[in-house]
Amino acid sequence: MSYSLVMALPNYLCLDGIVQSFLPLHPLFRHPWMGRLWLRLAYGVVKLFFRLCCQVHIEGSEHIPSQGGVVLVSNHISAFDTVLLPYSVLATQGMQIIWAPAKAELFRSRLLGYVLTSLGVFPVRRGRHDRQAMRRMIAHMRTEKMMLFPEGTRSHDGRLHEGKRTVGRLIYAARPVVIPAAIVGTERIIPHLRSLVHGRARVSVYYGKPMVLQHYYAMPDTKETAVAIVQEVMSAIAALLSNASRPVETGAVSPMHARSQGTGNGSSSG
């Protein structure tokens, strides 16, 4: 995925290290230029989909650090969330990979597994203690950007549920910059597609300021510490969702224009 369909070559070159880290996993993307081209194409397809089907509002992306270990933690109400979060970062910050864990069942298909892997998605075996996946998540959280849905699965009633203690353990071990996020409206995308009378669905992503969790890192590595961390994470997401209940104006603001606004209150892309 890329920032736009016309990205300058210097911006591609900075991706070589990241691209090389996952291209060897399958033969189709052994060459960096091929990986960059694929990422660019994937972003273009996602961007076209959102432009045609949705009015996307992105607010608070200036809180996301451009470098270093970062984890984006969000509520989860639709399968589109897994696409919207990376899109919102790329649309405002430029071409990069947002790593994401996904259930191992999705990788049973070799073709789908190749596609997911090429986009920074890696498998996690649910229902068991997947040590390899946890080590990988900690490694990504320490040096790169990764997204997590602390609830562990989609909320079918739209409400924010309790976060998993494992997320607290991962944050305690990796100690990244934690950015809470609130997603609104993605559950309406399919109904709007089925009935074009309703027009484009309005979807929003709200990012909060980096969370202050350092006092937890001075505590012992216990179950109680992990629970306390994830509870604070869920409270931050809940606060963003509460603030998101106010009316939102969406508009067609290009990503380049949004970036030129610096540290404003937010940006829209639709």
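If you're wondering where the values come from, they're calculated on a predicted model, not measured in any experiment.
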**Student:** Any non-hydrogen side-chain atom of Val83 less than 4.5 Å from a side-chain atom of Phe50?
**Tutor:**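 Answer yes - side chains close enough.
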**Student:** Within a strict 4.5 Å, meaning less than it, do heavy atoms of the Val203 and Val184 side chains meet?
**Tutor:**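 Heavy-atom side-chain distance check fails, nothing below 4.5 Å.
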**Student:** To the closest 0.5 Å, what do you measure between CD1 (Ile171) and CE (Met137)?
**Tutor:**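 Between atom CD1 of Ile171 and atom CE of Met137 there are 11.5 Å.
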**Student:** Would you compute the distance between atom OH of Tyr172 and atom CG of Asp221 and round it to the nearest 0.5 angstrom?
**Tutor:**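 The CG atom of Asp221 is 5.0 Å from OH of Tyr172, to the nearest 0.5 Å.
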**Student:** Please test Thr225 against Arg169 for side-chain contact (heavy atoms from CB on, under 4.5 Å), starting from the C-alpha separation and ending with a verdict.
**Tutor:** CA-CA 8 Å; Thr225 300; Arg169 293 183 59 195; over 6 Å; no
**Student:** Could you report the tightest heavy-atom contact between Ala133 and Phe122, atom names first, then the distance?
**Tutor:**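 Looks like O-CE1, 4.3 Å.
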**Student:** Side chains of Arg136 and Gln132: does their closest heavy-atom pair fall under 4.5 Å?
**Tutor:**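 Sidechains of Gln132 and Arg136: no contact.
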**Student:** Following the transitive rule for hydrophobic clusters with a side-chain heavy-atom cut-off under 4.5 Å over Ile, Leu, Val, Met, Phe, Trp and Tyr, establish whether Leu85 and Val177 coincide in one cluster.
**Tutor:**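 Yes, Leu85 connects to Val177 through the hydrophobic network.
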**Student:** Do His57 and Gln55 have side-chain N/O donor and acceptor atoms under 3.5 Å apart?
**Tutor:**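 There is no such pair between these side chains.
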**Student:** Does the side-chain contact (heavy atoms from CB on, under 4.5 Å) test come out yes or no for Val89 and Ser61, once each step is laid out?
**Tutor:** CA-CA 7 Å; Val89 176; Ser61 59; over 6 Å; no
**Student:** Using 0.5 Å steps for rounding, measure from the CE atom of Met146 to the NE2 atom of His140.
**Tutor:**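 Here the rounded value is 7.5 Å.
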**Student:** Return the minimal non-hydrogen interatomic distance between Ser204 and Leu84, and the atom names on each side.
**Tutor:**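 Closest heavy-atom pair between Ser204 and Leu84: O-CD2, 4.4 Å.
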**Student:** About how many Å separate NZ of Lys145 and CD1 of Ile179, when rounded to the nearest 0.5 Å?
**Tutor:**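 Ile179 atom CD1 to Lys145 atom NZ measures 9.5 Å (nearest 0.5 Å).
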**Student:** Side chains of Leu119 and Tyr43: does their closest heavy-atom pair fall under 4.5 Å?
**Tutor:**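 They are not in contact (no side-chain heavy atoms under 4.5 Å apart), so the answer is no.
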**Student:** Any donor-acceptor pair under 3.5 Å linking the side chain of Arg188 with the backbone of Arg202?
**Tutor:**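 Side chain of Arg188 to backbone of Arg202: a pair is present.
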**Student:** Identify, with sequence neighbours excluded, every residue that meets side chain to side chain contact (heavy atoms under 4.5 Å, CB included) alongside Ser155.
**Tutor:**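 Ser155: side chain to side chain contact (heavy atoms under 4.5 Å, CB included) contacts with Glu151, Asp157, His161.
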**Student:** Please find the pair of heavy atoms, one from Ala182 and one from Leu241, that lie closest to each other, and give the distance.
**Tutor:**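 For Ala182 and Leu241, the tightest heavy-atom pair comes out as CB-CD2, 3.6 Å.
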**Student:** Answer yes or no: is there a side-chain heavy-atom contact under 4.5 Å between Met141 and Trp99?
**Tutor:**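 Of all side-chain heavy-atom pairs linking Trp99 with Met141, none is under 4.5 Å.
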**Student:** Nearest 0.5 Å, please: how far is CD in Glu144 from CD in Gln96?
**Tutor:**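 Atom-to-atom, Gln96:CD and Glu144:CD are 10.0 Å apart.
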**Student:** Could you work out, with side chain to side chain donor-acceptor pair (under 3.5 Å) as the rule, every residue matching Thr82, not counting sequence neighbours?
**Tutor:**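 Checked Thr82 against side chain to side chain donor-acceptor pair (under 3.5 Å); zero matches.
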**Student:** Quick one: side chain to side chain donor-acceptor pair (under 3.5 Å) pairs with a partner in residues 63-78, sequence neighbours left out?
**Tutor:**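 Non-adjacent pairs meeting side chain to side chain donor-acceptor pair (under 3.5 Å): His76-Asp81.
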**Student:** Using 0.5 Å steps for rounding, measure from the OG atom of Ser242 to the CG atom of Leu160.
**Tutor:**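 Reported value, rounded in 0.5 Å steps: 11.5 Å.
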**Student:** Can you list everything that forms a ring pair (Phe, Tyr, Trp, His ring centres under 6.0 Å) with Phe49? Sequence neighbours excluded, please.
**Tutor:**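 Residues passing ring pair (Phe, Tyr, Trp, His ring centres under 6.0 Å) with Phe49: Phe80.
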**Student:** Who pairs with Arg108 by side chain to side chain contact (heavy atoms under 4.5 Å, CB included), at least two apart in sequence or on another chain?
**Tutor:**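 For Arg108 the side chain to side chain contact (heavy atoms under 4.5 Å, CB included) partners, ignoring immediate neighbours, are Glu105.
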**Student:** Hey, what else clusters with Leu112 if you join Ile, Leu, Val, Met, Phe, Trp, Tyr whenever side-chain heavy atoms sit under 4.5 Å?
**Tutor:**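 Leu112 shares its hydrophobic cluster with Leu106, Phe107, Leu116, Val121.
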**Student:** Of the non-hydrogen atoms in Leu240 and Gly208, which two are nearest, and what is the gap between them?
**Tutor:**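 Distance-wise, the nearest heavy atoms are CD1-N, 3.6 Å.
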**Student:** Under 4.5 Å between side-chain heavy atoms, hopping through other hydrophobics if needed: is there a path connecting Val227 to Phe149?
**Tutor:**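 Hydrophobic grouping puts Val227 apart from Phe149.
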**Student:** For Ala79 versus Arg154, what's the shortest heavy-atom pair and its separation?
**Tutor:**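 Minimum heavy-atom contact is N-CD, 3.7 Å.
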**Student:** Could you list the residues that satisfy ring pair (Phe, Tyr, Trp, His ring centres under 6.0 Å) with Tyr207, not counting sequence neighbours?
**Tutor:**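 So Tyr207 forms no ring pair (Phe, Tyr, Trp, His ring centres under 6.0 Å) with any residue.
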**Student:** Does Arg200 reach the main-chain N or O of Arg51 with its side chain, forming a donor-acceptor pair under 3.5 Å?
**Tutor:**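 Looks like yes, one N/O pair under 3.5 Å.
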**Student:** Does the side chain of Pro86 reach to within under 4.5 Å of the side chain of Met147, using non-hydrogen atoms?
**Tutor:**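 Pro86 reaches Met147 side chain to side chain.
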**Student:** Identify each donor-acceptor pair in which a side-chain atom of residues 229-238 lies under 3.5 Å from a protein atom, sequence neighbours left out, and give them as a table.
**Tutor:**
residue: Glu232; atom: OE1; partner: Tyr216; partner atom: OH; Å: 2.4
residue: Ser235; atom: OG; partner: Gln231; partner atom: O; Å: 3.0

**Student:** Do you reckon Val56 sits in the same ILVMFWY cluster as Ile64, going by side-chain contacts under 4.5 Å, direct or chained?
**Tutor:**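 In one cluster with Val56: Ile64, yes.
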**Student:** Compare all side-chain heavy atoms of Met211 with those of Pro180 and state whether any distance is below 4.5 angstrom.
**Tutor:**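 Counting from C-beta outward, Met211 and Pro180 do come under 4.5 Å.
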**Student:** Apply side-chain contact (heavy atoms from CB on, under 4.5 Å) to residues Val70 and Leu72 and explain how you reach the verdict.
**Tutor:** CA-CA 7 Å; Val70 179; Leu72 310 173; 4.0 Å; yes
